[in-house]
Protein chains: 2
Amino acid sequence: MEYFSLLKSTKIFSDANEFECQAMMFCFKTRFKSFDKNEKIITEGDSVSDVCLILKGSANILNEDDLGNISIISRVGFGEVFGLEELNNKMECFKNNLVAKEKCLVMFMNAHRLMNMCENKCKRHELIIKNLMSMLLDNNKILLEKLNILSKKSTREKLLAYFKLCAEKNDNTYFEIPFNKTELANYLSVDRSAMSTELNKLKSEGIIDFDKKQYHLKKSQ
Amino acid sequence: MEYFSLLKSTKIFSDANEFECQAMMFCFKTRFKSFDKNEKIITEGDSVSDVCLILKGSANILNEDDLGNISIISRVGFGEVFGLEELNNKMECFKNNLVAKEKCLVMFMNAHRLMNMCENKCKRHELIIKNLMSMLLDNNKILLEKLNILSKKSTREKLLAYFKLCAEKNDNTYFEIPFNKTELANYLSVDRSAMSTELNKLKSEGIIDFDKKQYHLKKSQ
DNA sequence: AAAATAGTGTTGTTTTTACAACAAAATGAG
DNA sequence: CTCATTTTGTTGTAAAAACAACACTATTTT
């Protein structure tokens, strides 16, 4: 099967063999689609019934308001999903946009089938549900972490909270972030130029160091 | 059973009869504990292995930083859970505090047992897993909604985003919020006095009206 | 009912951030 | 390599928020 080499290394299909993968793909009514850079994979307000799984490339989950302000909620890459919220069946429409950061290959799965497979005879249902749950928990954790960052009041505190988290996740005070400066400002919901000033202040104070997307948190406070 | 009347109306035990409830309680090694107002139910940094289910009262999920700034992440009440993140087994310790807002009765369930019951013979495992998943999805949604609020830059925008959400959830422009003004400021991560000023400005502009915890969103923009 | 506590609104000052506009540097496409 | 585009840093100004201090009101507690 064309996509098995990709699927087998995703969390959701982990531990499933090719035959099982194929059976599940049929069961979930999967379809594949490619997206160009900056193309919208999901548009806010869409009432789709599918969950997306990113198989190639990466995408930004965006929140855009009426005034055109863009806020990056989170970045999703290979093996990550978007749209799990739908599994609840209650959601009328998406509350955010999903926009390709680069050329993307996305697999869509029917949310209802994914959730209700328990009632089917599908052999690996327990596994998938467990994997789904695990992904959902990861998602939850990421959102909570972000809330802890955004609940800081100043740009400085937000930056430091974010860098601290990155360093912890990396288990290293040297780390690379997935954002350029403009994106980082959108991610932290702060003004880009004010952030730029603050970043360079932190650098001159010897608290952090950075070059491009490489950062070094020298003092955690 | 003493607690069945409470448990039967929680989401997690919905559709389980008294006998099944009892079996599951045994399986999950449940224990009960009461907490006074302002008492910490869970302390940040605790490496507990239990999930909490609120059976009476309500509690705040708090994020407190080194400087003593308090931010309310979310409010949990009857039937709601805290600590699902643990189900992933990867979490070393809690990242937030759970503090009783009033006198509380809390049921603790062993996270590992909850998650791995599939492998047991427990009759209702499918149901519980589905309920758990559903709660996790709710949780996810709440966190995303809050992120959408906190990603607004000004206090005014945060207030309006929050009120808009409340009105939508209530399906009514008149609604009651679970916070007093001080708590609302902590929830939105803004300065209380600045918020107070902004609130009264919005009122004088005829955009909102409020009295105590009762609000009316007159113009949604 | 009185006293203590918690909640709310107001003000002025200081600090921080947003915003806008620009210049320089880096990147990418042809 | 060159040109166009994107990214980054800088500055000054205006706006907003934080902070602190206080007065007043409402709510509990005793």
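Protein chains get the first letters and strands the later ones, always in sequence-line order, with residue 1 at the start of each.
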Let me know the distance between [atom1] of [X] and [atom2] of [N], rounded to the nearest Å.
X: B:Glu183; N: C:dT8; atom1: CD; atom2: P; value: 8 Å
X: A:Lys101; N: D:dT7; atom1: NZ; atom2: C1'; value: 11 Å
X: B:Glu102; N: D:dT28; atom1: CD; atom2: C1'; value: 15 Å
X: A:Ile70; N: C:dA18; atom1: CD1; atom2: C1'; value: 17 Å
X: A:Leu199; N: C:dT16; atom1: CG; atom2: C1'; value: 16 Å
X: B:Glu157; N: C:dT17; atom1: CD; atom2: P; value: 17 Å
X: A:Lys201; N: D:dT8; atom1: NZ; atom2: C1'; value: 18 Å
X: B:Asn200; N: C:dT11; atom1: CG; atom2: P; value: 11 Å

Given D:dA17, is OP1 or OP2 found less than 4.0 Å from the side-chain N or O atoms of B:Thr155?
->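 Yes, such a contact exists.
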side-chain N/O A:Asn180 vs D:dT8 OP1/OP2, d < 4.0 Å |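 Looking at the OP1 and OP2 atoms of D:dT8, one of them is under 4.0 Å from a side-chain N or O of A:Asn180.
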Identify whether any heavy atom of B:Phe179 sits under 4.0 Å from a base atom; if not, whether one sits that close to sugar-phosphate; answer base, sugar-phosphate or nothing.
->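 Answer is nothing: B:Phe179 stays at 4.0 Å or more from every strand.
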Would you give me the side-chain donor-acceptor pairs under 3.5 Å for residues 98-109 of chain B, sequence neighbours excluded?
residue  : atom : partner  : partner atom : Å
B:Lys101 : NZ   : B:Glu183 : OE2          : 2.6
B:Glu102 : OE2  : B:Ser58  : N            : 3.2
B:Glu102 : OE2  : B:Ser58  : OG           : 2.6

Are the aromatic ring centres of A:Phe163 and A:Tyr215 under 6.0 angstrom apart?
-> yes
By side-chain contact (heavy atoms from CB on, under 4.5 Å), which residues pair with B:Ser193, not counting sequence neighbours?
-> B:Asp191
Contacts of type side-chain contact (heavy atoms from CB on, under 4.5 Å), residue B:Ala185, not counting sequence neighbours =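 For B:Ala185 the side-chain contact (heavy atoms from CB on, under 4.5 Å) partners, ignoring immediate neighbours, are B:Val190, B:Arg192, B:Met195.
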Of all of residues 186-197 of chain B, which get a heavy atom below 4.0 angstrom from DNA chain C, listed by number?
-> B:Arg192, B:Ser193, B:Ser196, B:Thr197
For residues A:Arg75 and A:Tyr187, determine if any side-chain heavy atom of one lies less than 4.5 Å from a side-chain heavy atom of the other.
-> no
Any side-chain heavy-atom pair of B:Ile42 and B:Asn96 under 4.5 Å = no
Roughly how far, to the nearest 0.5 Å, is the OG1 atom of B:Thr43 from the CG atom of B:Leu62?
-> 10.5 Å
N/O-N/O pairs, protein side and nucleotides 26-30 of chain C side, under 3.5 Å:
residue : atom : partner  : partner atom : Å
C:dT27  : OP1  : A:Lys212 : NZ           : 3.3

Relative to the 5' end of DNA chain D, which residue comes earlier, B:Lys37 or B:Glu198, by the nucleotide with the nearest heavy atom?
-> B:Glu198
Check the pair A:Lys153 / B:Ser189 against side chain to side chain donor-acceptor pair (under 3.5 Å), numbers first and verdict last.
-> CA-CA 7 Å; A:Lys153 285 176 186 169; B:Ser189 288; over 6 Å; no
Winner on side-chain proximity to A:Lys153, out of D:dA17, D:dC19, C:dG9, is D:dC19
Of all residues at least two apart in sequence or in a different chain, which pass the salt bridge (charged side-chain N to carboxylate O under 4.0 Å, His left out) check with B:Glu198?
->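 So B:Glu198 forms a salt bridge (charged side-chain N to carboxylate O under 4.0 Å, His left out) with B:Arg156, B:Lys201.
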